[in-house]
Amino acid sequence: MGQHRNDIQGQAVPGGGPEPGELLYTVGPDWRRIGLEALIRLAVSAFALGLAAYQGTEPSLLLPTAAALLVFVLWPLRHGRDGMELCRGGVVYRSKFYPAGGRVAWRGVNTVFLSSTYLHLGQKKGINVSFMKDAEKLFARAYSNVIT
């Protein structure tokens, strides 16, 4: 899954501090996006398995191939636990606090199937918010009172 294109949108966010502060919003998983990703992967896998069977692939190889494709199809379900808390002073993601004061960048990355969005709060590796419901909208509402 390589990068084809990067879109970077930056914004300045007021505030930020050493502590999370008051909870403003909780961002949870986007089950529609997770399901769509799994369905796309299912279609690709069914096509690949059908093509392998049509080509006369050794039957003993079809079962391991199907098992590998099943893992491939179910992989997006790991995002079912994605989420973050938007607090007065910053963002809590996977029990780690990221202060929201300063420069914030949203980076869009085209991948093989659906594009991904990353939130950069001063850290090198961004937070993957692609599978979080309304992450950008709630972030804007929490930190700049702008509904996008």
Side-chain angles (χ1 to χ4, degrees), residues 1-52 55 61-62 64-148:
M1 293 216 203
Q3 283 178 234
H4 297 121
R5 187 193 71 162
N6 290 333
D7 292 335
I8 300 175
Q9 295 177 352
Q11 72 187 83
V13 175
E19 299 287 324
E22 172 191 1
L23 177 65
L24 301 173
Y25 296 102
T26 301
V27 181
D30 185 353
W31 287 104
R32 182 174 287 166
R33 165 74 190 255
I34 293 168
L36 180 60
E37 180 84 16
L39 281 175
I40 290 170
R41 288 168 175 251
L42 179 64
V44 169
S45 297
F47 178 76
L49 202 56
L51 187 63
Q55 293 288 331
L61 293 177
L62 287 179
T65 302
L69 290 174
L70 181 63
V71 169
F72 175 73
V73 169
L74 297 178
W75 189 257
L77 294 180
R78 69 187 173 95
H79 291 289
R81 296 175 56 196
D82 283 2
M84 63 182 172
E85 295 177 345
L86 305 175
C87 301
R88 179 109 18 234
V91 173
V92 177
Y93 174 69
R94 293 187 178 167
S95 302
K96 186 172 179 187
F97 175 67
Y98 298 94
R103 196 80 184 139
V104 174
W106 295 91
R107 171 177 270 158
V109 178
N110 285 339
T111 58
V112 175
F113 299 116
L114 300 173
S115 63
S116 296
T117 304
Y118 291 86
L119 169 63
H120 294 270
L121 295 167
Q123 77 276 31
K124 186 174 183 178
K125 184 180 177 188
I127 298 170
N128 185 353
V129 296
S130 305
F131 295 92
M132 293 184 207
K133 187 162 180 63
D134 299 328
E136 289 184 68
K137 181 171 119 177
L138 291 174
F139 188 90
R141 189 178 295 166
Y143 299 115
S144 62
N145 289 331
V146 176
I147 300 174
T148 57

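These values consider heavy atoms only, across backbone and side chains, with no hydrogens, waters or symmetry-generated copies. The structure displayed is predicted, hence computed values, not measured ones. We're numbering straight along the sequence, starting at 1.
Atom CG of Leu69 is separated from atom CG of Leu62 by 10.0 Å, given to the nearest 0.5 angstrom. We find the OG1-CG distance between Thr65 and Leu70 to be 12.5 Å, quoted to the nearest 0.5 Å. To the nearest 0.5 Å, the span separating NZ on Lys133 from CD1 on Ile34 amounts to 11.0 Å. Distance CH2/Trp75 to CZ/Arg41: 8.5 Å, rounded to 0.5 Å. The distance from atom CH2 of Trp106 to atom CD of Glu136, rounded to the nearest 0.5 Å, is 5.0 Å.
Not one N or O on the side chain of Glu37 forms a donor-acceptor pair closer than 3.5 Å with the backbone of Gly35. Side-chain atoms of Thr26 never come within 3.5 Å of backbone atoms of Glu85 as a donor-acceptor pair (strictly under, hydrogens ignored). Listed for the Tyr93 side chain is no donor-acceptor partner under 3.5 Å among the backbone atoms of Asn128.
The shortest distance between side-chain heavy atoms of Leu114 and Ser130 does not fall below 4.5 Å.
The two atoms that bring Ala142 and Tyr25 nearest to each other are CB-CD1, 3.6 Å, heavy atoms only. Heavy atoms only, all atoms of each residue included: Gly21 and Cys87 are closest at O-CB, 3.9 Å. Across Met132 and Asp30, no two heavy atoms sit closer than the pair C-CB, 3.9 Å. When all heavy atoms of Ala135 and Val129 are compared, the pair lying nearest together is CB-CB, 3.8 Å. Taking each heavy atom of Phe72 and Ser45 in turn, the nearest pair found is CD2-OG, 3.3 Å.
The environment of CZ in Arg78 is crowded: more than 12 heavy-atom neighbours from other residues, nucleotides or ligands sit within 6.0 Å.
Aromatic pair Trp31/Phe131: centroids not less than 6.0 angstrom apart.
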Leu119 and Met84: CA distance, side-chain angles, deciding distance, side-chain contact (heavy atoms from CB on, under 4.5 Å) verdict: CA-CA 11 Å; Leu119 169 63; Met84 63 182 172; 4.2 Å; yes
Check against side-chain contact (heavy atoms from CB on, under 4.5 Å), Val104 and Phe139: CA-CA 10 Å; Val104 174; Phe139 188 90; 3.9 Å; yes
CA sep, side-chain torsions, deciding dist, call: Asp134, Val27, side-chain contact (heavy atoms from CB on, under 4.5 Å): CA-CA 7 Å; Asp134 299 328; Val27 181; over 6 Å; no
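In this structure, the side chain to side chain donor-acceptor pair (under 3.5 Å) partners of Asp82, at least two apart in sequence or on a different chain, are His79. For Gln55, the side chain to side chain donor-acceptor pair (under 3.5 Å) criterion is met by no residue, not counting sequence neighbours.
Under a cutoff of 6.0 Å and an axis angle of 45°, Arg107 and Tyr118 do not form a cation-pi pair.
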